[in-house]
Enquirer: 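Mind looking over this structure? Questions follow.
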Number of protein chains: 2
Amino acid sequence: MLNYSTSEENYIKAIFHLQQEDGTVTTNELAAELKTKPASVTDMMKKLKTKKLVHYEAYHGFRLSNEGKKLALIIIRRHRLWEFFLAEKLKFSWEEVHAVAEDLEHVSSKKLIDKLDEFLGFPRFDPHGDPIPDANGRIETSKQVCLTELPLNKTAIVCHVSDQSSEMLEVLGHKNIMIGTRLEVKKRFDFDNSLEIKTGKQAATTISDQLARNIYVKTA
Amino acid sequence: MLNYSTSEENYIKAIFHLQQEDGTVTTNELAAELKTKPASVTDMMKKLKTKKLVHYEAYHGFRLSNEGKKLALIIIRRHRLWEFFLAEKLKFSWEEVHAVAEDLEHVSSKKLIDKLDEFLGFPRFDPHGDPIPDANGRIETSKQVCLTELPLNKTAIVCHVSDQSSEMLEVLGHKNIMIGTRLEVKKRFDFDNSLEIKTGKQAATTISDQLARNIYVKTA
DNA sequence: AAATATTTTTAGACAAACCTAAAAAGAATT
DNA sequence: AATTCTTTTTAGGTTTGTCTAAAAATATTT
Ligand SMILES: [Mn+2]
Ligand SMILES: [Mn+2]
Ligand SMILES: [Mn+2]
Ligand SMILES: [Mn+2]
């Protein structure tokens, strides 16, 4: 069932990401995304069509078939689990993980990935806050986002704090914020980027930019 | 300096292993090792020669240049560190690690490998007992081997015990065996595979097959 | 509805890594 | 030293994934 080349996998993953927005993807879009030429994209689309991974009619764009989507989620799972591993276990910084994961994602042993998942404690989000598909390809629909980027008045749930120091936990405890807390940002002060937030039925509190940077939330 | 294809890397590694025995490697030998055809080997040797990784004169075999040896040790380092990771952290069995490492070894980030090495605690031997080259390409010359495979009357030093249970440590303590102990196998009883060993100036002791299987030694 | 501009596909070429079959070189036998 | 056997190389071909340049289809303007 699965034994695809690095090139095929990179195309499938890129189509998956592009069609999230557009629905259907064009030749030029994909060529730009993959830093290749439109002619190369057409060649590859013909091949992926015969392999039943994409729906494609000449001149009318393409989108992934169900098979193609399943494959994309497998590759995304590998990519994000490796990113998590690199950040969490090897202490790579946030920005470094992507490039290395871009290569590691093409090592295709199913057992490797499932054991890695287990070793990492079945993490749900990669270091950029993107959800990690599970072994069956199921993926959380809502993206994890830093509290600093949450739009005003949008209800969200705290799902991760990146700094676990006792100082951090002290201030969180005092403000009654923990994993699972439902909150909304009511105001954002441009002067110092501090936030006024509302949690449940309590009075509003203010959160510094410093603190907000370490809190990740999921929109419901 | 280093950006070689998966194919080039597999050839370099295979030549390294073959020339350990032979000194110089032949076309047919290498073709057999890599399950490819002699004609393909000749093609690749021409390429590796222009890249200065091998010394090669038509019809007279080949061996790695210094550059080639350095590259081989980098690839072997990657391979064995991944094998150690798979066995130690992901609980892969002994026999499963090689195939997966055969792919992982071609991910070429130097930082990835050095951080992995650190994360693993700078292991000196892979799960098969082969030594792991360090970040500078230095490699231990003597291979680690299970006590069950040590030839009679050959002095060796205990370097690893794979079972660290308190029961195991109890029996080892009683027999005065620990990491660093110098020993020789004096006799091997076919009936139960038990061993009579001699350590330093003490009287000989007997070790069961069960115990011996968990002790690894390095010949001096 | 033409004319023009943009996008996409086709045609033809190239490098990498492999193959088979034939030729050449070297080694072993007589 | 000539013949025979074995090994190695060359010649020519295939597949995969890329490219440029030209042609065809589609979209946008006028
Ligand atoms: Mn990424
Ligand atoms: Mn990739
Ligand atoms: Mn191995
Ligand atoms: Mn390999």
Side-chain angles (χ1 to χ4, degrees), chain A residues 2-15 18-19 21-64 68 71-72 75 102-103 105-108, chain B residues 2-15 18-19 21-64 68 71-72 75 102-103 105-108:
Chain A
L2 60 144
N3 211 16
Y4 298 101
S5 72
T6 293
S7 231
E8 290 170 327
E9 291 189 347
N10 283 335
Y11 273 90
I12 290 292
K13 199 175 54 142
I15 297 169
L18 289 173
Q19 78 179 17
E21 344 255 88
D22 302 48
T24 152
V25 182
T26 71
T27 302
N28 273 357
E29 263 182 310
L30 188 49
E33 174 81 10
L34 291 171
K35 295 173 204 317
T36 184
K37 294 290 137 70
S40 308
V41 171
T42 301
D43 286 350
M44 183 59 90
M45 286 312 106
K46 285 187 198 157
K47 185 164 38 132
L48 295 183
K49 186 186 180 179
T50 71
K51 295 196 178 186
K52 309 225 184 219
L53 294 171
V54 299
H55 298 295
Y56 166 55
E57 287 308 324
Y59 294 104
H60 292 84
F62 31 82
R63 53 183 213 291
L64 296 180
L71 176 57
I75 303 161
E102 205 52 57
D103 288 340
E105 71 186 358
H106 303 293
V107 176
S108 65
Chain B
L2 59 145
N3 212 17
Y4 298 100
S5 72
T6 292
S7 232
E8 289 171 327
E9 291 189 347
N10 284 334
Y11 272 90
I12 289 292
K13 198 175 55 144
I15 296 169
L18 289 174
Q19 77 178 18
E21 345 255 89
D22 302 48
T24 152
V25 182
T26 70
T27 303
N28 273 356
E29 263 181 309
L30 188 49
E33 174 80 10
L34 291 171
K35 296 173 202 317
T36 182
K37 294 290 138 69
S40 307
V41 171
T42 301
D43 286 350
M44 183 59 91
M45 286 312 107
K46 285 188 198 157
K47 184 163 41 136
L48 296 182
K49 187 187 180 178
T50 72
K51 295 197 179 185
K52 309 227 185 216
L53 294 171
V54 300
H55 298 294
Y56 165 56
E57 286 308 323
Y59 295 103
H60 291 85
F62 31 82
R63 53 182 212 293
L64 295 180
L71 176 56
I75 302 161
E102 205 53 55
D103 288 340
E105 71 186 358
H106 303 293
V107 176
S108 65

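In what follows, chains are A, B, ... by sequence order, proteins preceding strands, each numbered from 1.
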Enquirer: Can you see if the side chain of S5(B) gets near the phosphate of dA16(C) - specifically, an N or O under 4.0 Å from OP1 or OP2?
Expert: no

Enquirer: From CD of E8(B) over to C1' of dC18(C), roughly how many Å is that when rounded to an integer?
Expert: 14 Å

Enquirer: Side-chain contact, heavy-atom cut-off 4.5 Å: L30(A) with M45(A)?
Expert: yes

Enquirer: Given atom OH of Y11(B) and atom C1' of dA16(C), what is their separation to the nearest angstrom?
Expert: 11 Å

Enquirer: Protein-nucleotides 9-11 of chain C N/O pairs closer than 3.5 Å?
Expert:
from: dT9(C); atom 1: OP1; to: Y56(A); atom 2: OH; distance (Å): 2.5
from: dT9(C); atom 1: OP1; to: Y59(A); atom 2: N; distance (Å): 2.9
from: dT9(C); atom 1: OP2; to: T27(A); atom 2: OG1; distance (Å): 3.0
from: dT9(C); atom 1: OP2; to: T42(A); atom 2: OG1; distance (Å): 2.7
from: dT9(C); atom 1: O4'; to: Y59(A); atom 2: OH; distance (Å): 3.4
from: dT10(C); atom 1: OP2; to: K46(A); atom 2: NZ; distance (Å): 2.9

Enquirer: Starting from the 5' end of DNA chain D, give me the residue, T6(A) or T26(B), whose nearest nucleotide shows up first.
Expert: T26(B)

Enquirer: Is it the case that the side chain of H60(A) and the backbone of Y56(A) share a donor-acceptor pair, with hydrogens and angles ignored and the cut-off at 3.5 Å?
Expert: no

Enquirer: Is there a side-chain hydrogen bond (donor to acceptor under 3.5 Å, both in side chains) between E29(B) and T26(B) once you walk through the steps?
Expert: CA-CA 5 Å; E29(B) 263 181 309; T26(B) 70; 3.3 Å; yes

Enquirer: Determine yes or no for a side-chain-to-main-chain donor-acceptor pair under 3.5 angstrom, with E21(A) supplying the side chain and L18(A) the backbone.
Expert: no

Enquirer: Does dC18(C) have OP1 or OP2 under 4.0 Å away from a side-chain N or O of T36(B)?
Expert: no

Enquirer: Under 4.0 Å between a side-chain N or O of K37(B) and OP1 or OP2 of dC18(C)?
Expert: no

Enquirer: Please check the phosphate of dT8(D) (OP1 and OP2 only) for any side-chain N or O of N28(B) closer than 4.0 Å.
Expert: yes

Enquirer: May I have the distance from H106(A) (atom NE2) to dT16(D) (atom P), rounded to whole angstrom?
Expert: 18 Å

Enquirer: Should N10(B) and H106(B) be marked as a side chain to side chain contact (heavy atoms under 4.5 Å, CB included) after you check the CA-CA gap, both sets of side-chain angles, and the distance that decides it?
Expert: CA-CA 9 Å; N10(B) 284 334; H106(B) 303 293; 3.0 Å; yes

Enquirer: Thinking salt bridges, do E33(A) and K13(A) make one under a 4.0 Å N-O criterion?
Expert: no

Enquirer: Rounded to whole angstroms, how far apart are CG on L30(B) and P on dT7(D)?
Expert: 15 Å

Enquirer: Examine distances only and state if a side-chain atom of Q19(A) and a backbone atom of L64(A) form a donor-acceptor pair shorter than 3.5 Å.
Expert: yes

Enquirer: Report the distance from atom CG of N10(B) to atom C1' of dC18(C), rounded to the nearest whole Å.
Expert: 14 Å

Enquirer: Rounded to the nearest Å, what distance is computed from the CG atom of residue L48(A) to the P atom of nucleotide dT18(D)?
Expert: 11 Å

Enquirer: Under 4.0 Å between any heavy atoms, over every strand shown, what does S7(B) touch: base, sugar-phosphate, or nothing? Just pick one.
Expert: sugar-phosphate

